[in-house]
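Just follow the structure's listing: the first ligand is 1, and inside any ligand the first atom is 1.
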Amino acid sequence: MNYKKDFRDNQGYIARLFVFLLTLYNKFKLMRKIEHIGIAVKSLETSNLLFEKLFGQPPYKQEEVVSEGVKTSFFMNGPNKIELLEATNPDSPIAKFIDKKGEGIHHIAFDVYDIEEEMMRLKNEGFIVLNEVPKKGADNKLVVFLHPKGTNGVLIELCQEIK
Ligand code: ZN
């Protein structure tokens, strides 16, 4: 038996395993998947019926986020989630969005493992964060938005499930 060779081989194996686990861990920490797509609508009542027809099932949840001036409803379509947003006052970001662009896709939300850490990573990459402190959004989430100026005109939401 060549113990020296065995040791060398194992060292290589352990190093590779370590690198693999580290890569996996780092990937796990990044944005993991699209959590939902947010659509700005003028009337939740009307659009709930429309999306119920589209998906063949009603929203599974409706929720008002007073601090954001929005009423939301959530639909599941297979593994995918759609959030409809209606403004509850004229100063709501949704009201401003509809005034400027009309109804339509408002944001894409990505699920993150650690919102603070991901926010720091993206800030270091030069992205503009709209809220420096994660705030409570709909559907039991902490959320941070990235300015669409830095993301090809798409408003990006990072969200982390509140445990
Ligand atoms: Zn959202």
Requested in this report: Would you name the N/O/S atom of Glu83 that lies closest to the Zn ion (ligand 1)?
Outcome: OE1

Query raised in the report: Parallel, tilted or perpendicular for Phe97 and His106, by the 30°/60° rule?
Result: perpendicular

**Report entry** Any N, O or S atom of Cys159 closer than 2.8 Å to the Zn ion (ligand 1)
**Finding:** no

Query raised in the report: How long is the span from the NE2 atom in His36 to the NZ atom in Lys141, to the nearest 0.5 Å?
Result: 8.0 Å

Report summary line: OE1 (Glu157) to the Zn ion (ligand 1) to NE2 (His36), nearest 10°, is 110°

Query raised in the report: Under the 3.5 angstrom rule, does the side chain of Glu63 hit a backbone N or O of Ala138 as a donor-acceptor pair?
Result: no

Report summary line: The side chain to side chain contact (heavy atoms under 4.5 Å, CB included) partner of Pro148 among Ile128, Ile156, Leu155 is Leu155

